[in-house]
Amino acid sequence: MNELEARRLLLADPRRLSPELKAAVEGSTRLAAFRDELMRTDEEMGRMLTANDVPEGLAERIVLRARYRDRSRWGLALAASLVAVAIAAPWYFGPRAVDVERAMIAHVDHEVAELQDNIGIEPAVLRASVAALGVDVRDAGYRIRHLANCIVDGREGRHFTVDGPNGVVSFLVLPAQGRSEAPELLREGSTRGVFMKRAGVTIGAFAQEGADRAQLERLMHQVFA
């Protein structure tokens, strides 16, 4: 495991370490310091959340499910700078053709466990999380099953699922400039996806085989303001 891979895994969850990641952290003072800083930021955010009057158990769920979304301004700036350092390797500079939409749909198709998650998320929590990326969401009336931060192509985004009219629908919001024109319906494995752009972000809606483009686009416009 190289340092870049270790940093991405630590950004996803600095508390639960696989044996390989634990060995990498113990063998690198840079990775150890990086993890310590993430842990301190987690604790600070936890104090901020639990200092407010929120429904019982909600603060703990926010900390566990989306530890970075309500971070203070300095914490967000720190995370952004750490991500920049993590990906600033010599081979990263220069032309790099990244198909953002392909990376997004591959992530959704691979993370099948998230389709099974169904703990229920309050609409206000979803709005606060996605607002950190400069995007507004509406309460479209669908139950929100799952919400988490995710790392796609080295960028931290938001991944949430809802009970759609014909099954579970996944949404992914990623800080990335997509194509100038939205692609046709993309396919990856059993997953279908459509996309739209907002200032500085690309948004995707995904469902399992059987969903058509019109259904996904309609649901996307219902959810995103």
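In what follows, residues are counted from 1 in the order of the sequence shown.
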Would you tabulate the side-chain donor-acceptor contacts of residues 17-29 under 3.5 Å, counting partners in other chains and residues two or more places apart, or write 'none'?
{"residue": "Ser18", "atom": "OG", "partner": "Leu21", "partner atom": "N", "Å": "3.1"}
{"residue": "Glu20", "atom": "OE2", "partner": "Met1", "partner atom": "N", "Å": "3.4"}
{"residue": "Ser28", "atom": "OG", "partner": "Arg30", "partner atom": "N", "Å": "3.4"}
{"residue": "Ser28", "atom": "OG", "partner": "Leu31", "partner atom": "N", "Å": "3.2"}

Any donor-acceptor N/O pair, Arg138 side chain to His221 backbone, under 3.5 Å: yes
Side-chain donor/acceptor of Arg35 to backbone N/O of Pro14, under 3.5 Å: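 Here the side-chain-to-backbone pair exists.
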Same cluster (ILVMFWY, side-chain, under 4.5 Å), Leu115 and Leu147: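 Different clusters.
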How close do [X] and [Y] get, heavy atom to heavy atom, and via which atoms?
X	Y	result
Asp139	Pro123	OD2-CG, 4.1 Å
Ala205	Leu216	O-CD1, 3.8 Å
Pro175	Leu133	CG-CD2, 3.9 Å
Val169	Gly164	CG2-CA, 4.2 Å

Residue pair [X] / [Y], side-chain heavy-atom distance below 4.5 Å:
X	Y	value
Arg7	Glu5	no
Arg102	Glu188	yes
Val100	Met104	yes
Leu185	Asp212	no
Asp163	Val168	yes
Leu10	Phe34	yes

Among Thr161, Asn118, Val162, the one residue meeting side-chain contact (heavy atoms from CB on, under 4.5 Å) with His146: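 Passing option: Thr161.
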Ile203 and its side-chain contact (heavy atoms from CB on, under 4.5 Å) partner, picked from Arg158, Met196, Lys197: Met196
About how many Å separate [atom2] of [Y] and [atom1] of [X], when rounded to the nearest 0.5 Å?
X	Y	atom1	atom2	result
Leu186	Asp109	CG	CG	12.0 Å
Ile151	Glu156	CD1	CD	5.0 Å
Thr202	Arg155	OG1	CZ	8.0 Å
His110	Ile105	NE2	CD1	14.5 Å
Phe195	Met220	CZ	CE	7.5 Å
Ile121	Arg127	CD1	CZ	13.0 Å

Contacts of type ring-ring contact (aromatic ring centres under 6.0 Å, His included), residue Phe171, not counting sequence neighbours: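 With sequence neighbours excluded, Phe171 shows a ring-ring contact (aromatic ring centres under 6.0 Å, His included) to Phe160, Phe224, given in chain and number order.
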side-chain contact (heavy atoms from CB on, under 4.5 Å) evaluation trace for Val201 with Leu174: CA-CA 5 Å; Val201 300; Leu174 193 68; over 6 Å; no
Given Arg145, His107, His159, the one that forms side chain to side chain donor-acceptor pair (under 3.5 Å) with Glu114: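 Exactly one candidate clears the test, His159.
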